[in-house]
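Below you'll find the structure, written out as structure tokens, and then a few comments.
One-based numbering, in listed order, for ligands and for the atoms of each.
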Amino acid sequence: MHIAITGNIGAGKTTLTTMLAKHYGWEAQFEDVEHNPYLEDFYADMSKWSFALQIYFLGSRFRQVKEIRESGKNIIQDRTIYEDAHIFAENLNDMGLLSERDFNNYSSVFNLMKSFVSAPDLLIYLKSDVPNLVKKIYKRGRDYEASISIEYLSKLNQKYEKWIESYKDGKLLVIEVDDLDFVERPEDFGYILERIEAELHGLF
Ligand SMILES: Nc1ncnc2c1ncn2[C@@H]1O[C@H](COP(=O)(O)OP(=O)(O)O)[C@@H](O)[C@H]1O
Ligand SMILES: Nc1ncnc2c1ncn2[C@H]1C[C@H](O)[C@@H](COP(=O)(O)O)O1
């Protein structure tokens with residue numbers, strides 16, 4: 001079984017992925033953030049580094065896709081390859097931070113890869129408003145993310161809403177997380193487990 005958690009920066013994907021992997025004994029797949037050679041430079045100068053960062057994330061995410069196909073294990077994945085292309089790359093292009101030429105180049109590679117990508121058995125969207133994202137990014141305290149603007153987060157949120165509305169590739173669960181504290185409140189984590197189990201009825 002393949003479950004993926006999707007959502008904007010700071011929505012709680014990594015935290016929930018870790019908690020679910022522990023709870024169900026699933027294998028977790030995380031984003032390549034700690035050892036990412038471009039992320040810090042990207043936030044310092046988005047226009048200069050956007051293409052390099054997108055190619056890096058695309059390669060790293062495709063490696064995960066390959067592992068998921070080959071492993072046969074129950075896997076929970078922190079963010080999907082779809083988000084790189086349909087949310088981040090598109091948004092950078094819209095904002096004039098990724099040129100038309102680079103975006104077309106990127107998209108043609110993504111479209112080739114897409115045929116090897118299977119949708120997850122369940123996609124869990126952590127829906128959050130921008131003030132909550134800002135609070136959570138601040139709480140996490142990565143220095144280089146201090147430059148993330150409200151405008152950037154809002155545009156990403158709009159892209160997420162549009163993409164989720166049109167998502168028809170598999171089962172989808174939308175969880176509004178603004179009022180949930182699944183770290184400190186066991187009842188909030190319990191609520192998420194109930195929602196997941198209701199969706200996966202029959203697959204468990
Ligand atoms: N619903 C939540 N309840 C409690 N803490 C949360 C919640 N969502 C996020 N956090 C906290 O906010 C910060 C960012 O969460 P993280 O899981 O890294 O988000 P993401 O992976 O989506 O960027 C972390 O410190 C995390 O513990
Ligand atoms: N494809 C991407 N383009 C730009 N930035 C990205 C992409 N994928 C992830 N990121 C950034 C956003 C955050 O700063 C870190 C980690 O993501 P998070 O949502 O906090 O788990 O990488």
Side-chain angles (χ1 to χ4, degrees), residues 4-22 28-64 76-95 97-98 102-103 106-107 109-110 113 123-149 152-153 155-157 159-160 163 175-193 195:
I5 316 260
T6 181
N8 206 341
I9 307 168
K13 300 177 300 299
T14 306
T15 310
L16 188 60
T17 299
T18 308
M19 292 172 76
L20 291 174
K22 188 166 170 225
Q29 271 198 348
F30 295 103
E31 286 186 285
D32 198 348
V33 175
E34 300 280 302
H35 302 290
N36 189 308
Y38 293 109
L39 202 52
E40 195 167 346
D41 284 334
F42 167 73
Y43 280 118
D45 187 343
M46 286 185 162
S47 182
K48 180 169 176 189
W49 293 103
S50 59
F51 184 68
L53 179 73
Q54 290 316 311
I55 292 296
Y56 183 80
F57 266 124
L58 193 61
S60 144
R61 217 84 71 177
F62 193 68
R63 214 165 292 123
Q64 291 189 334
I76 178 141
Q77 185 189 18
D78 176 355
R79 184 165 277 140
T80 64
I81 197 168
Y82 305 121
E83 291 158 78
D84 295 310
H86 299 310
I87 310 287
F88 286 94
E90 257 189 52
N91 179 56
L92 288 166
N93 179 243
D94 288 355
M95 290 180 80
L97 297 165
L98 180 65
D102 286 346
F103 181 61
Y106 171 90
S107 300
V109 178
F110 172 73
M113 289 177 163
L123 182 71
I124 303 174
Y125 172 47
L126 303 185
K127 183 181 163 94
S128 172
D129 66 16
V130 172
N132 183 51
L133 297 172
V134 171
K135 208 165 70 190
K136 295 298 187 336
I137 292 168
Y138 180 77
K139 178 180 173 196
R140 181 165 63 196
R142 284 184 196 136
D143 288 346
Y144 54 82
E145 290 183 340
S147 64
I148 294 178
S149 67
Y152 185 63
L153 287 174
K155 286 187 188 302
L156 291 175
N157 245 11
K159 290 266 177 212
Y160 267 105
W163 174 60
I175 299 181
E176 300 202 6
V177 291
D178 292 342
D179 298 323
L180 294 183
D181 183 341
F182 46 75
V183 175
E184 297 295 337
R185 293 165 51 99
E187 62 271 35
D188 287 358
F189 185 53
Y191 163 76
I192 292 179
L193 296 179
R195 298 275 315 270

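The closest donor-acceptor contact from the side chain of Lys13 to the backbone of Gln77 lies at 3.5 Å or more, if one exists at all. At least one donor-acceptor pair closer than 3.5 Å links the side chain of Asp178 to the backbone N or O of Asp129.
Shown in contact with Gln54 at under 4.0 Å from a heavy atom are these atoms of ligand 2, numbered in order with element: 1 (N), 2 (C), 3 (N), 4 (C). Ligand 2 places these atoms under 4.0 Å from at least one heavy atom of Glu145: 13 (C), 14 (O), 15 (C).
Near ligand 1, residues Asn8, Ile9, Gly10, Ala11, Gly12, Lys13, Thr14, Thr15, Lys136, Lys139, Arg140, Leu180, Asp181, Phe182, Val183 each place a heavy atom inside the 4.0 Å sphere around the ligand atoms.
At under 3.5 Å, not a single nitrogen or oxygen of Tyr144, backbone or side chain, sits near a nitrogen or oxygen of ligand 2. Of the polar atoms of Asp78, none of the N or O atoms is found under 3.5 Å from an N or O of ligand 2, judged by distance alone.
For atom 15 (C) of ligand 2, the nearest non-hydrogen atom from the set Leu53, Leu39, Ile9 comes from Leu39.
The aromatic rings of His86 and Phe110 stand perpendicular to each other, their planes meeting at an angle above 60°, with 30° marking the opposite boundary. Ring geometry for Tyr160 against Phe88 counts as perpendicular: the plane angle is over 60°, on a 0 to 90° scale with 30° as the lower cut.
Closest to atom 18 (P) of ligand 2, if we only count protein heavy atoms, is Glu31 OE1, 3.3 Å. In terms of protein heavy atoms, atom 12 (C) of ligand 2 is closest to Tyr43 OH, 3.3 Å.
Contacts between Asn36 and ligand 2, counted as non-hydrogen atom pairs separated by less than 4.0 Å, are absent for every part of the residue. Contacts with ligand 2 closer than 4.0 Å are made by side-chain heavy atoms of Arg140 only, the backbone lying farther away. Heavy atoms of Arg61 found under 4.0 angstrom from ligand 2 belong exclusively to the side chain. Contact annotation for Val33 and ligand 2: only side-chain heavy atoms (C-beta onward) come within less than 4.0 Å of the ligand.
The closest approach between a heavy atom of Arg79 and any atom of ligand 2 is below 4.0 Å.
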